[in-house]
Amino acid sequence: MARLREGLARLARWFDQRTGVGAVGQLVQKKDVPIHRHTVWYYLGGMTLFLLLVQIGTGILLLFYYRPSAGEAYESVQFLMAEVKFGWLIRSIHGWAANLMIVTLFLHLFSVMLLKAYRPPRDLTWFSGVLLLGLALTFGFTGYLLPWNELAYFATRVGTQITEVVPLAGKFLIRVLRGGEDVSGATLTRFYAIHVALLPAATATLLGLHLWLVQKHGMSVPPGAAPPTGPRRAMPFFPNFLIRDLVGWLTALAILAALSAYFPAELGTKADPFAPAPMGIKPEWYFMFMFQTLKLLPAHILGIEGEVVGVLGFALAGLYLFLLPVIDRPTESGVSSRVFTWIAVAIIVYMVALTAIGYLVNPAQ
Amino acid sequence: MAERSSPPTTARPHPSRRKFLDWLLGTSLVGFMASVLYPVLRYLIPPVAGEAATGSVTLPFKPEEISANSGRIFKFGNRPGILIRTQTDELHALSATCTHLGCIVQYRPDLAHVWCACHNGHFDLHGQNIAGPPPAPLEEFTVNVRGDQIVIGKRS
């Protein structure tokens, strides 16, 4: 036993001399996490990261059976679900973890927003985080189409049609996005390439930056959360915080397994480009508030098409979200601004309310 | 030990030469990036499919195959159209692509008009947008029944 330990220590020394990786260990030893009444929100980023790792793992497994063509995609997913051992489980976990990841991502976003953790020098961390949210939503949008079922087909038709409101280049952008005039097999291969190659590469890069910045600046203590006098309370990251993280991750895994077992992913009917949109057509739940807004807007508002007004509104809201650290001047100086807190609350209430309406109204009306 | 002579001042790199080299390297870099990016961008733009300039189509089903108060999707070139037989036995043909966000519309027997399931858009039997978010009417086609055949054509 002692000789084995000695051997391992020598191997570690050998590796460290060549890579200098021991510095990382020292960093981890030094890292700590502040303790105050809002500490619980620090776990959401790590939880999102865990779910992303689940997505990468299950996504790679799905690639072994999936075939990205309009003629075969639906059938290959059907085969995976019905014939392949645990195929249903892998696909269900991929679907559920995607949804949970969006949940934790939004909770992470809103907690950072309400606790004003985006103030300089963490503004760049915020920018990279908002971009990562954009990537995650694009992951969801492109992945939704891949099984090539009716629901996904129409959601993609609507979702890509929205780019038409872009002035001048609208029609051109739709064609680039769809790989043709309509949603077709060309769209499927395009979305597949984006989903399994482009987005993972972009996510890895941005996430690397995001995590590095989190390490560099440490955890943000919200204004007013820590007492101005007295010793700073903190716990070591390793092992105290990490162990708590792991408890959360194991819980998430258990929830994922339960959801996948009791509510396995559905497939529906195969997409038919020459069939009417089915009643009750809806996008993924995290696009529901936008979908519902477009549904409620009248055809014309002040002479502009309602849809243009809606999409423009969401674009501006997205821009506000991204530029928040620049717009929120008062918080930069350490005073938490009530106005920006109320705007954040208003955004949350709007999203929750419209999502609820989207699921509660009768689709035939 | 021989005293080393200081280098003559004229050997100092000429600033304009340095500037020229920087400029040359910079423009080469831009040229290189452009020569890589241009083919990639052009590659991503799909080729324009020769869209069939469809003026009229003969439907693959007979007039009696569509019952009263119902609708049926047909292919008008590479786009969907909808043929409707009303309660009073009239035939109407419209483009089936919703003018709102491009979903495919359907005939609702309970409302006796055309409806889009995606965002609750309503159109009358001539394609006029009567309720909901659609900003424009559906294109109306001509319907001609010649014996067993239904011929759908664009309105001139």
Side-chain angles (χ1 to χ4, degrees), chain A residues 150 153-165 172-184 186-187 189-190 193-194 198 272-283 291-301 304-311 361-365, chain B residues 40-52 57 59-60 70-84 94-111 114-123 128-138:
Chain A
E150 204 178 33
Y153 176 80
F154 281 103
T156 308
R157 244 182 119 102
V158 171
T160 48
Q161 189 75 36
I162 283 171
T163 44
E164 197 180 21
V165 306
F172 169 77
L173 283 177
I174 291 187
R175 215 159 64 76
V176 174
L177 212 56
R178 291 181 175 170
E181 298 301 326
D182 279 301
V183 175
S184 65
T187 319
T189 49
R190 212 152 262 251
I194 294 171
L198 194 66
D272 177 0
F274 284 94
M279 193 185 280
I281 185 94
K282 61 183 193 306
F291 178 85
Q292 190 58 32
T293 306
L294 290 182
K295 217 166 166 172
L296 293 176
L297 286 175
H300 291 92
I301 300 166
I304 309 168
E305 283 184 16
E307 158 206 342
V308 177
V309 176
V311 174
V361 293
N362 179 357
Q365 282 168 4
Chain B
V40 171
L41 288 177
R42 283 316 297 258
Y43 174 86
L44 290 176
I45 300 168
V48 183
E51 196 175 328
V57 289
L59 300 190
S70 77
R72 193 162 165 173
I73 299 290
F74 60 88
K75 287 186 185 187
F76 194 78
N78 52 12
R79 302 194 173 271
I82 184 166
L83 181 72
I84 298 153
L94 307 166
S95 156
T97 307
C98 183
T99 52
H100 179 226
L101 287 171
C103 279
I104 299 176
V105 298
Q106 57 186 284
Y107 179 75
R108 279 271 295 268
D110 56 330
L111 302 172
V114 177
W115 179 69
C116 180
C118 285
H119 300 91
N120 197 27
H122 296 258
F123 302 90
Q128 289 301 318
N129 44 324
I130 47 178
L138 299 171

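We use all heavy atoms of the structure for the numbers below, so side chains are in, but hydrogens, waters and symmetry mates are not. Model, not experiment: these values are computed from the prediction. Chain letters run A, B, ... following the sequence lines, proteins first and then strands; every chain starts at 1.
Remark: A/Asp182 CG to B/Thr97 OG1 distance equals 7.0 Å, nearest 0.5 Å. Note that CZ of B/Arg79 is 9.5 Å distant from CZ of A/Phe274, once rounded to the nearest 0.5 Å. Once rounded to the nearest 0.5 Å, the distance linking OG1 of A/Thr293 with NE2 of B/His119 reads 10.0 Å. One distance of note links CG of B/Leu101 with OG1 of A/Thr160; it measures 9.0 Å at 0.5 Å rounding.
Side-chain contact check for B/Ile104 versus A/Arg157: some heavy-atom pair is nearer than 4.5 Å. Looking at A/Leu297 and B/Pro133, their side chains never come closer than 4.5 Å, going by heavy atoms from C-beta outward.
Residue A/Pro283 does not touch chain B at all, counting heavy-atom pairs closer than 4.5 Å. Using a 4.5 Å cut-off between heavy atoms, B/Pro134 touches chain A through its backbone atoms (N, CA, C, O) alone. Both the backbone and the side chain of A/Phe291 come within contact range of chain B, each with at least one heavy atom under 4.5 Å from a heavy atom of that chain. Residue B/Tyr107 does not touch chain A at all, counting heavy-atom pairs closer than 4.5 Å. Heavy atoms closer than 4.5 Å to chain B are found nowhere in A/Arg178, neither backbone nor side chain.
Taking the disulfide bond (SG atoms under 2.5 Å apart) definition, one finds that B/Cys98 meets it with nothing, sequence neighbours left out.
A pairwise comparison of heavy atoms in B/Cys103 and A/Ala277 identifies CB-CB, 4.2 Å as the closest pair. Of all heavy-atom pairs between A/Val176 and B/Leu44, the closest is CG1-O, 4.1 Å. When all heavy atoms of A/Glu307 and B/His100 are compared, the closest pair comes out as OE1-O, 3.2 Å. The shortest heavy-atom contact between A/Gly180 and B/Pro46 is N-CG, 3.8 Å.
Ranked by non-hydrogen atom pairs under 4.5 Å with chain B, the options A/Ala275, A/Pro276, A/Ala155, A/Pro273 are led by A/Pro276.
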